[in-house]
Amino acid sequence: MNNTTSDIEFKYLIVNESDKRYGITVNTVGFQAIHPNETYPVKKHPKDHYFDKKSGRTLDEFQFVYITKGCGVLAIESAEKQEITEGQLIILFPGQWHTYSPRELVGWNEYYIGFNGDIINHLVKNSFLTTQSQMLDVGLNEELVTLFKRALEIVSKDQIGLQQHLSGIVMHMVGLILYESNNNKTELQSYQQLIENAKIIMNENVFNGILPEEVADRLDIKYIKFRKLFKRLTGFAPAHYYQELKMRKAKQLLAESMQPVKEISYSLNYKTVENFVTLFKKQTGYTPTEYRRFSR
């Protein structure tokens, strides 16, 4: 089964016994660009791969799922949902319950490839691929995207030797993913304290008003790099995180004090009371006055 549009491209492959003896077989490969507020997953997949976001699914194959744009959430087995953002790759294992989806207001771009085989089982047995490290930071990697696109090109031709060609691509992906994730992990760990300092600065200036660029200046790092690191380590852009802090403080003041809504708005440096009320209702579903009443 296959499907191709400008934003969705995938194919499910038939695997024979000869292919299996080679050591790696590919069952599916695809790409999906999910736009904000778009239904996910699309209802064009076969039953054994389609899933409901709430009930999730279990596959009979390994899968690499690579997010190159946007963000979303992931839950595996009984673990709580965790944030996924661009530059991260999920490794799914056979027989393992999971669910994932993009944030409705953001969407995402997703590449994926499903595979099986004795060679992959050998890598798992020797701990090259483990259930302890299923969400890897590989960054936005052009070489990895090229490999996914090349796999899509190959399956579209449906020629003899297709499975053997795809197996080489899968092994190339494995090596690249392990290399990039290990090196990125070391780099990100070195910046962890810097991002924690950034969060403290934002927290301490929730009433004063501070721009993300000013935070980067205080930490002596270029803003473009700061924004990229902050998002990868927290799941939020710096400006979004700061707005979350302000909203959290607004909720606290509404619940614990008698300050007028107008005063709270100005103390948190919102441009106008109307702007504050609109943003507050968008996030909570209540006006500040309603929130104060219900919280008490």
* **Short side-chain to backbone donor-acceptor contact, S181 and V138, under 3.5 Å** => no

* If you round to the nearest 0.5 Å, how far is CZ of F230 from CG of L194? -> 10.0 Å

* Asked: Is the shortest heavy-atom distance from the side chain of Y66 to the side chain of I113 under 4.5 Å?
  -> no

* Same cluster (ILVMFWY, side-chain, under 4.5 Å), L233 and Y223 -> yes

* Report yes if the side chains of V29 and I154 come closer than 4.5 Å at any heavy-atom pair, otherwise no. => no

* Asked: Does a side-chain heavy-atom distance below 4.5 Å link I210 with I201?
  -> yes

* Would you say the side-chain atoms of N126 pair up with the backbone N or O of F128, donor to acceptor, closer than 3.5 Å? -> no

* Indicate yes or no: at least one non-hydrogen side-chain atom of V42 is less than 4.5 angstrom from one of Y50. => no

* **E180 side chain reached by L89 side chain, heavy atoms, under 4.5 Å** => no

* Main-chain N/O of G95 paired with D60 side-chain donor or acceptor, under 3.5 Å -> no

* Asked: Shared ILVMFWY cluster between Y241 and L211, side chains joined below 4.5 angstrom?
  -> no

* To do: Before giving the answer on side chain to side chain donor-acceptor pair (under 3.5 Å), spell out for E104 and N37 the whole-Å C-alpha distance, their side-chain angles and the decisive distance to 0.1 Å.
  => CA-CA 5 Å; E104 288 186 10; N37 299 309; over 6 Å; no

* **Smallest separation among heavy atoms of L92 and I90, with atom names** => CD2-CG2, 3.7 Å

* Spatial distance of atom CZ (R150) from atom CE (M173) [nearest 0.5 Å] -> 12.0 Å

* Asked: Counting only N and O atoms by type, is there a donor-acceptor contact under 3.5 Å from the side chain of R292 to the main-chain atoms of S257?
  -> yes

* Residue K199 excluded, over 12 heavy atoms near NZ under 6.0 Å -> yes

* Asked: Near D220 CG, under 6.0 Å, is it more than 12 heavy atoms from other residues, nucleotides or ligands?
  -> no

* Please answer: with hydrophobic residues joined when any side-chain heavy atoms are less than 4.5 Å apart, are I221 and M202 in the same cluster? => yes

* Asked: Does W97 use its side chain to pair, donor to acceptor, with the backbone of S55 at less than 3.5 Å?
  -> yes

* Test item: Y266 and V273 side chains (from C-beta on) under 4.5 Å apart, heavy atoms -> yes

* **Neighbour count >12 (heavy atoms, 6.0 Å) for atom CD, E80** => no

* L219 CG to I195 CD1 distance, which is reported to the nearest 0.5 Å -> 7.5 Å

* If two hydrophobic side chains count as joined below 4.5 Å and joins carry through other members, does I91 share a cluster with V73? -> no

* Derivation of the side chain to side chain contact (heavy atoms under 4.5 Å, CB included) call for F280 and M247 -> CA-CA 7 Å; F280 192 92; M247 279 294 167; 3.6 Å; yes

* **Exam field: side chain Y286 to backbone F294, donor-acceptor pair closer than 3.5 Å** => no

* Asked: Once the angle between the rings of H45 and Y12 is folded into 0 to 90°, is it parallel (under 30°), tilted (30 to 60°) or perpendicular (over 60°)?
  -> perpendicular

* To do: Evaluate the ring planes of Y40 and F51, with Trp represented by its six-membered ring, and classify them as parallel (under 30°), tilted (30 to 60°) or perpendicular (over 60°).
  => perpendicular

* Aromatic ring pairing Y100/H98, orientation class (parallel under 30°, perpendicular over 60°, tilted between) -> parallel

* To do: Name all residues meeting the side chain to side chain contact (heavy atoms under 4.5 Å, CB included) criterion together with E256; count only those two or more places apart in sequence or in a different chain, and write none if there are none.
  => Q252

* **Spacing of T85 atom OG1 and I67 atom CD1 [to the nearest 0.5 Å]** => 9.5 Å

* Structure fact -> Between G114 and Q63, the two heavy atoms sitting closest are CA-CG, 3.6 Å

* **Distance, nearest 0.5 Å, that separates CD of E153 from CD1 of I169** => 8.5 Å

* To do: Could you check whether the rings of F148 and Y111 sit parallel, tilted or perpendicular, using 30° and 60° as the cut-offs?
  => tilted

* Kindly indicate whether the side chain of T146, heavy atoms from C-beta on, has any atom under 4.5 Å from the side chain of H172. => no

* To do: Could I get the full list of side chain to side chain contact (heavy atoms under 4.5 Å, CB included) partners for E274, not counting sequence neighbours?
  => T272

* Are I119 and V170 co-members of a hydrophobic cluster defined by side-chain heavy atoms under 4.5 Å apart? -> yes

* To do: For side chain to side chain contact (heavy atoms under 4.5 Å, CB included), just list the numbers for V215 and Y242, CA-CA rounded to whole Å, side-chain angles, deciding distance to a tenth of an Å, and then say yes or no.
  => CA-CA 11 Å; V215 178; Y242 186 57; over 6 Å; no

* **Evaluation steps, side chain to side chain contact (heavy atoms under 4.5 Å, CB included), between Y191 and K225** => CA-CA 11 Å; Y191 284 110; K225 185 173 184 178; 2.5 Å; yes

* Determine the minimum heavy-atom distance between L176 and L147, stating which atoms define it. => CD2-CD1, 4.1 Å

* Side chains of Q243 and Q283, donor plus acceptor under 3.5 Å -> no

* What's the shortest heavy-atom distance between F31 and L152, and which atoms? -> CB-CD1, 4.0 Å

* **Criterion side chain to side chain contact (heavy atoms under 4.5 Å, CB included) on T68 and E86, from CA distance to verdict** => CA-CA 5 Å; T68 59; E86 61 186 44; 5.9 Å; no

* Asked: Can you check whether Q163 reaches K20 side chain to side chain, under 4.5 Å on heavy atoms?
  -> no

* Y112 ring center near F64 ring center (under 6.0 Å) -> no

* **Side-chain donor or acceptor of R57 paired with backbone N/O of H49 under 3.5 Å** => yes

* Structure fact -> By side chain to side chain contact (heavy atoms under 4.5 Å, CB included), R248 pairs with (sequence neighbours left out) L245

* **Y22, OH: over 12 other non-hydrogen atoms inside 6.0 angstrom** => no

* Using atom types as modelled and distance alone, determine if a side-chain donor or acceptor of S167 lies under 3.5 Å from a backbone N or O of T25. => no

* **Y270 six-ring face occupied by K246 cation (under 6.0 Å, within 45°)** => yes

* Mind listing the closest non-hydrogen atom pair of P212 and F226 along with its distance? => O-CE2, 3.8 Å

* Structure fact -> In short, S101 meets K53 closest at the heavy-atom pair CB-CD, 3.3 Å

* To do: Output the distance between atom CD (E263) and atom CE (M258), rounded to the nearest 0.5 Å.
  => 11.5 Å

